Amino acid sequence: MARFWLLKCEPVVYSIADLERDGRTGWDSVRNYQVRNFMRDDMKPGDLGIFYHSNADPSGAAGVLKITKPGLPDPTQFDPKSEYHDPKSSRETPTWLMCEVAFVERFEGVVPLERLRGETALADMQILKRGNRLSITPLTEAEFKAIRALGAAVSGASEGIRAKSGARGKASR
DNA sequence: GCCAACGTTGGC
DNA sequence: GCCAACGTTGGC
């Protein structure tokens with residue numbers, strides 16, 4: 001059965017506009033075991049996800065993507081020049097995984113976090129819970145559909161991927 | 001810039 | 001194995 005996901009990224013680092021331009025990309029630099037295990041064990045090709053802009057103005061849901069290849073070795077762990085380099089990892093048994101994602105659609109505007117919080121159907125969504133810091137979280141089909149419906153209804157008025165003043169730049173992905 | 005929440009690290 | 005210290009995330 002297909003699953004649904006919410007993938008967070010700071011748009012300063014990589015945005016839905018970048019994915020629209022690129023068509024597909026490797027969702028790399030994840031350095032959290034729980035998220036790695038999601039990609040290894042639970043993601044399947046064809047799963048759909050919400051692309052969420054974090055630490056942005058506004059933060060919120062920006063579009064839809066598709067998981068094309070889950071559980072690939074993350075090349076940044078082998079790159080000594082990368083800030084995500086992990087000298088303890090080997091090519092035979094890579095510690096860190098990524099997934100390849102493809103662009104599906106871009107909402108006309110970002111559905112702001114505040115709007116998501118106001119939605120009864122999303123009351124149990126992990127991303128809205130205090131202290132949640134996982135960059136990829138599972139969604140129920142109902143949650144995915146509710147966000148997609150909000151995205152279809154949003155106008156372009158809230159469009160924008162400006163960095164917030166506190167943005168750390170090339171950090172979370 | 002602040003701070004709550006949580007993961008990771010390392011001394012013991 | 002415990003747990004304090006530290007680092008990171010991300011909304012505000």
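If you're wondering where the values come from, they're calculated on a predicted model, not measured in any experiment. Naming: A, B, ... by sequence-line order, numbering from 1 per chain.
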Query raised in the report: Aromatic rings A/W5 and A/F38: how do their planes relate, parallel, tilted or perpendicular, breaks at 30° and 60°?
Result: tilted
Query raised in the report: Which nucleotide, B/dG7, C/dC12, C/dG10, lies nearest any side-chain atom of A/N32?
Result: B/dG7
Requested in this report: Please report, rounded to the nearest Å, how far the P atom of C/dT9 is from the CZ atom of A/R31.
Outcome: 12 Å
Query raised in the report: Can you name the ring pair (Phe, Tyr, Trp, His ring centres under 6.0 Å) partners of A/F103, sequence neighbours left out?
Result: none
Report task. Using ring pair (Phe, Tyr, Trp, His ring centres under 6.0 Å) as the criterion, list what pairs up with A/F78, not counting sequence neighbours. Result -> none
Requested in this report: Using a cut-off of strictly less than 4.0 Å, decide whether A/Y33 has a side-chain nitrogen or oxygen near OP1 or OP2 of B/dC6.
Outcome: no
Report summary line: A/R115 meets the salt bridge (charged side-chain N to carboxylate O under 4.0 Å, His left out) criterion, sequence neighbours left out, with A/E119
Requested in this report: Please state how far atom CG in A/L7 lies from atom P in C/dG10, giving the value in whole angstrom units.
Outcome: 12 Å
Query raised in the report: A/K66: what forms a salt bridge (charged side-chain N to carboxylate O under 4.0 Å, His left out) with it, not counting sequence neighbours?
Result: none
Query raised in the report: Hey, what else clusters with A/Y33 if you join Ile, Leu, Val, Met, Phe, Trp, Tyr whenever side-chain heavy atoms sit under 4.5 Å?
Result: A/W96
Write out a two-atom table: protein N or O, nucleotide N or O from nucleotides 1-5 of chain C, distance below 3.5 Å.
none

Query raised in the report: Between C/dG11 atom P and A/N132 atom CG, what is the distance in whole Å?
Result: 10 Å
Report summary line: A/L128 CG to C/dT9 P, in whole Å, measures 20 Å
Query raised in the report: Rounded to the nearest Å, what distance is computed from the CD atom of residue A/E10 to the C1' atom of nucleotide C/dT9?
Result: 9 Å
